[in-house]
Amino acid sequence: MNHFQYKGNELFAEDVALKDIVAKTGSPVYVYSHATLTRHFKAFDDAFAGAPHTICYSMKANSTQSVLRTFFNLGGGVDIVSGGELFRALKAGVDPNKVVYSGVGKKDEEIEYALNTGILMFNVESEQELTRISEIATRLGKKAGIAIRVNPDVDPGTHPYITTGLKNAKFGITIERALEEYTRAKSLPGIDIIGIDMHIGSQLTKVNPFVDSIEKLKIMIAKLKGEGIALKYFDCGGGLGIQYNAEEPPLPSDYGREIVAATKGLGMHLLFEPGRNLVGNAGILVAKTLFTKSRDDKNFIMIDAGMNDLARPALYDSYHGVQAGCKDQDGMIVADIVGPICESGDFLAKGREVPMFKQDDLVAFMSAGAYGFAMSSSYNSRPRVAEVMVKGDKFEIIRERETVEDLVKGEKIASFL
Ligand code: LLP
């Protein structure tokens, strides 16, 4: 069920018209559907109903606390990549025992914070990191639960910027080295080896690369067992794609079936780090048309949202569906929908057939719940936008629009000026 639908001419989020939201919050605004977040989480969870598992939502996709709380209420945990994410997750009420910590560049103070919090495990991405975690844990009189993030050298067939499981990527430890590192980890005083981890990329539209990677890791798991290293957790990472346009990603149930089959008999507790799959299609960005102009055969629609609010089109040339807030335009037009930022890369849709938007018309960018607000910035001194969550016929502002005062927070004019 799509919760962003027209009722008459008006586009709704669940039972609330977008124009009613904008009347209260102003524009632009990110709007999330609680029903969609819930449905996506449950679909993912149900896909693994037969196997012991925990969903550690990859909060980099959308770290807004109300989104986190929605998943925590359903039993989820988080995959974090910074101390800041840990702070947010704790504020939103995460169970520390459902936190896994990934990322190639963990700082000492972040490791210490995570150890003091008592997270489930660190997904270790380098030899030096393993040593450092052991040192810090020992100093604190603790043991750090760890998994090694193994780079299986499998091509996920996705955008190069979001491919992470190939040998030349900065992520993880190669299979060959990982065996040695597990053996070394056994002798480190601050380390408790509890798992194995992989994450091969994002927006995957096939299950095979996941299964191929699991098969490679299974060989390792068997070898480790032979050396007396028994692992409890198998972290399969995130990466399951969604439909933005014409993609046909597997359903969570198909993905689940194959992964359960591939991991059967291992007797391990599965962990997953889905990000985009849970939130991508649960959020939209709503903006307002400022001006339109045409020259030669080129049409531009200037809106009040830009690449600072939704960076994905500028960064990856990615596609976000465009829908009118109210369908009262006189036909369609091929146009570039562009923002106010002083860069040519500042477009949200390019050469797209869209409604003939007029001044003040609302424009909705679909599938913007993942890596939308989370990647937004205040470039060009544009305050970051508001966020709203809708549940049925109610909505609440879950993040106030930043003010210009927020823009200068923490800034000081040097005393010698
Ligand atoms: N686990 C790890 C270790 C990750 O690095 C990522 C994403 C995930 C899980 C979640 O992946 P997902 O399920 O969302 O595919 N900004 C890009 C995507 C970057 C993904 C980074 N890592 C975009 O807008 O497409």
Side-chain angles (χ1 to χ4, degrees), residues 37 40-41 43-44 47 54-63 67 71 76-82 85 89 99-106 121-126 129 147-152 156-166 169-173 195-207 209-210 213 233-245 247 249-250 252 255 259 270-283 285 307 309-320 348 365 367-377:
L37 292 168
H40 288 174
F41 186 94
F44 206 98
T54 307
I55 299 180
C56 297
Y57 164 59
S58 187
M59 64 181 282
K60 63 173 75 69
N62 186 323
S63 57
V67 171
F71 296 145
V78 278
D79 158 48
I80 60 167
V81 288
S82 70
E85 286 195 343
V99 177
V100 296
Y101 189 174
S102 310
V104 295
K106 304 176 182 81
M121 71 181 189
F122 292 84
N123 288 333
V124 175
E125 305 224 17
S126 66
E129 182 192 331
I148 289 185
R149 175 168 175 181
V150 179
N151 184 328
T158 183
H159 191 291
Y161 283 14
I162 50 180
T163 292
T164 50
L166 275 172
K170 70 175 175 180
F171 301 97
I173 299 181
I196 190 162
D197 169 51
M198 64 181 226
H199 171 77
I200 55 174
S202 195
Q203 184 54 14
L204 270 71
T205 50
K206 301 245 173 336
V207 182
F210 292 111
S213 304
Y233 296 99
F234 195 143
D235 186 337
C236 301
L240 183 60
I242 63 167
Q243 187 176 13
Y244 284 99
N245 186 12
E247 306 89 339
Y255 165 82
I259 291 198
L270 303 179
L271 299 173
F272 296 95
E273 305 172 355
R276 188 189 320 266
N277 196 268
L278 302 188
V279 293
N281 277 321
L285 172 64
M307 64 190 281
D309 303 306
L310 179 59
R312 304 191 69 257
L315 212 49
Y316 319 111
D317 209 11
S318 30
Y319 177 101
H320 288 271
L348 294 191
F365 295 91
S367 317
Y371 308 107
F373 185 92
M375 288 175 72
S376 70
S377 75

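Computed from a predicted model, the values in this text were never measured in an experiment. Every number for a ligand or one of its atoms is a count from 1 in the order of the listing.
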| Is any NZ, NE, NH1 or NH2 atom of the basic residue among Glu85 and Lys60 found under 4.0 Å from an Asp or Glu carboxylate oxygen of the other? | no
| query | Quick one: does Arg149's side chain have a donor or acceptor within less than 3.5 Å of a partner on His199's backbone? | reply | yes
| request: Return the option from Gln203, Arg276, Arg149, Lys60 holding the heavy atom at the smallest distance from atom 4 (C) of ligand 1. | output: Lys60
| said: Could you go through Tyr57 and Phe272, starting from their C-alpha distance and side-chain angles, then the distance that decides it, and tell me whether this counts as ring-ring contact (aromatic ring centres under 6.0 Å, His included)? | reply: CA-CA 7 Å; Tyr57 164 59; Phe272 296 95; over 10 Å; no
| message | So Asp235 and Val100, do their side chains get closer than 4.5 Å, heavy atoms only? | response | yes
| task | Give the numbers and elements of all ligand 1 atoms closer than 4.0 Å to a heavy atom of Ser202. | result | 11 (O), 12 (P), 14 (O), 15 (O), 20 (C)
| request: Check the side chains of Arg276 and Ser202 for a donor-acceptor pair under 3.5 angstrom, ignoring hydrogens and angles. | output: yes
| Is there a side-chain contact between Tyr101 and Asn123 (heavy atoms, below 4.5 Å)? | no
| query | N/O of Gly275 under 3.5 Å from N/O of ligand 1, yes or no? | reply | yes
| What part of Tyr316, side chain, backbone, both or neither, has a heavy atom within less than 4.0 angstrom of ligand 1? | side chain
| task | Enter the distance from Ile173:CD1 to Glu125:CD here, rounded to the nearest 0.5 Å. | result | 8.5 Å
| task | Identify, by atom number and element, the atoms of ligand 1 in contact range of Gly238, meaning under 4.0 Å from any of its heavy atoms. | result | 9 (C), 13 (O)
| note | Contact region, Asp79 to ligand 1, non-hydrogen atoms below 4.0 Å, reads side chain
| task | With heavy atoms only and a cut-off of under 4.0 Å, state how Arg312 meets ligand 1: side chain, backbone, both or neither. | result | side chain
| note | Any heavy atom of Pro274 under 4.0 Å from ligand 1? The part involved is backbone
| task | Would you check whether Asn277 reaches within less than 4.0 Å of ligand 1, judged by its heavy atoms? | result | no
| query | Relative to atom 9 (C) of ligand 1, which among Met59, Glu273, Glu125, Met198 owns the nearest non-hydrogen atom? | reply | Glu273
| request: Would you please indicate if the ring centroids of Tyr244 and Tyr319 are separated by under 6.0 Å? | output: no
| field | Contact check: Gly239 vs ligand 1, nitrogen or oxygen atoms, below 3.5 angstrom | value | yes
